[in-house]
Amino acid sequence: EEVVKNLIGKVDYTNSAAKDGTNGMWTDNAGTYGHAVGLGKTKDQINLNNYQVDSITNGTATIDKAKLNLTVGDANTTYGTKFDESRYGYTVSGNTNGDNEEVVKNLIGKVDYTNSAAKDGTNGMWTDNAGTYVGAVGLGKTKDQINLDNYDVASITNGTATINKAKLKLTVGDANTTYGTKFDESR
């Protein structure tokens with residue numbers, strides 16, 4: 001086999017599933033492309049002393065899905081104050097082949113953020129107690145619920161919800177008494 005390779009000489013392999021890098025694109029979509037990989041020569045272009053090339057069978061190009069990682073941003077509020085849901089967001093890493101973050105987010109579609117530290121306002125309660133809740137802010141989708149043609153979601157990292165203490169102002173009432181009389185401490 002090695003001898004035949006040496007006899008054929010330099011070949012410029014071709015791959016119909018490969019792209020030239022324009023706009024960051026290096027491959028076609030994920031999938032299997034039969035007969036996509038070739039020698040770059042026809043059988044008539046290969047002249048060997050002791051062999052006649054009867055046929056050339058091109059190889060298969062396989063493009064695996066890229067791994068995508070999603071990270072949900074952190075959220076914060078003050079105890080008793082509703083979380084500002086318009087500030088929820090997430091970032092994407094692992095996107096490739098010219099797909100910027102906006103493109104990938106459009107492919108993922110609408111997400112319904114979740115926040116286990118948020119309350120629904122029943123009885124005036126909008127938050128859990130003041131504190132830090134690691135992993136409380138999520139996408140509302142699992143990685144298995146996100147089906148993309150060119151990506152597998154490898155991980156979703158939930159964000160942290162921080163509920164700061166509310167400010168409380170205490171005003172002590174005035175006290176008065178008559179000279180020589182004990183103050184009434186029940187007031």
Would Val72 and Leu148 show up in the same hydrophobic cluster when neighbours are defined by side-chain heavy atoms closer than 4.5 Å?
yes

Can you give me every donor-acceptor pair (side chain of residues 160-173, partner residue at least two apart or in another chain, under 3.5 Å) with its distance?
| residue | atom | partner | partner atom | Å |
| --- | --- | --- | --- | --- |
| Asn164 | ND2 | Thr77 | O | 3.4 |

Residues passing the side chain to side chain contact (heavy atoms under 4.5 Å, CB included) test with Gln52, sequence neighbours excluded, are none

Does Asp149 CG have over 12 foreign heavy atoms under 6.0 Å away?
no

Can you sort out the partners of Tyr113 under side chain to side chain donor-acceptor pair (under 3.5 Å), two or more places apart, ordered by chain and number?
none

So which atom in Ile108 and which in Lys141 form the shortest heavy-atom distance, rounded to 0.1 Å?
O-NZ, 3.1 Å

To check you understand the geometry: which heavy-atom pair defines the closest contact between Ser155 and Asn69, and what is its length?
OG-OD1, 2.7 Å

Under 4.5 Å between any side-chain heavy atoms of Asn50 and Leu48, yes or no?
no

Main-chain N/O of Ala154 paired to Asp152 side chain as donor or acceptor, under 3.5 Å
no

Using modelled atom types only, decide if a donor and an acceptor are shared between the side chain of Lys19 and the backbone of Asn97 within a distance under 3.5 Å.
no

Can any side-chain N or O of Asn150 pair as donor or acceptor with the backbone N or O of Ala30 at less than 3.5 Å?
yes

For Val134, which fellow cluster members are found when Ile, Leu, Val, Met, Phe, Trp and Tyr are connected by side-chain heavy-atom distances below 4.5 angstrom, either directly or through intermediates?
none

Phe83 and Trp126: same hydrophobic cluster, using ILVMFWY side-chain contacts below 4.5 Å?
no

Using atom types as modelled and distance alone, determine if a side-chain donor or acceptor of Asp99 lies under 3.5 Å from a backbone N or O of Val103.
no

Closest non-hydrogen atom pair, Tyr90 against Leu70:
CE1-CD2, 4.2 Å

Holding to side chain to side chain contact (heavy atoms under 4.5 Å, CB included), I want the full list of residues that pass it with Ala36, two or more places apart in sequence or in another chain.
Asn15, Ser16, Tyr33, Ala61

For Ala75 and Val137, work out which heavy atoms get closest and say how close.
CB-CG2, 4.0 Å

Between Thr127 (side chain) and Gly80 (backbone), is there a donor-acceptor pair under 3.5 Å?
yes

Among Val92, Ile156, Thr91, find the residue that satisfies the side chain to side chain contact (heavy atoms under 4.5 Å, CB included) test when tested with Thr71.
Thr91

Between atom OG1 of Thr114 and atom OH of Tyr88, what is the distance when rounded to the nearest 0.5 Å?
8.5 Å

Using every non-hydrogen atom in the two residues, find where Tyr151 and Leu68 come nearest and quote the distance to one decimal.
CD2-CD1, 3.7 Å

Is there a donor in the side chain of Asp20 and an acceptor in the side chain of Thr22, or the other way round, less than 3.5 Å apart?
yes

Closest non-hydrogen atom pair, Val111 against Leu139
CB-O, 3.6 Å

Please identify each residue that fulfils salt bridge (charged side-chain N to carboxylate O under 4.0 Å, His left out) with Lys43, with sequence neighbours left out.
none

Just by distance, do the side chain of Asn123 and the backbone of Met125 share a donor-acceptor pair under 3.5 Å?
no

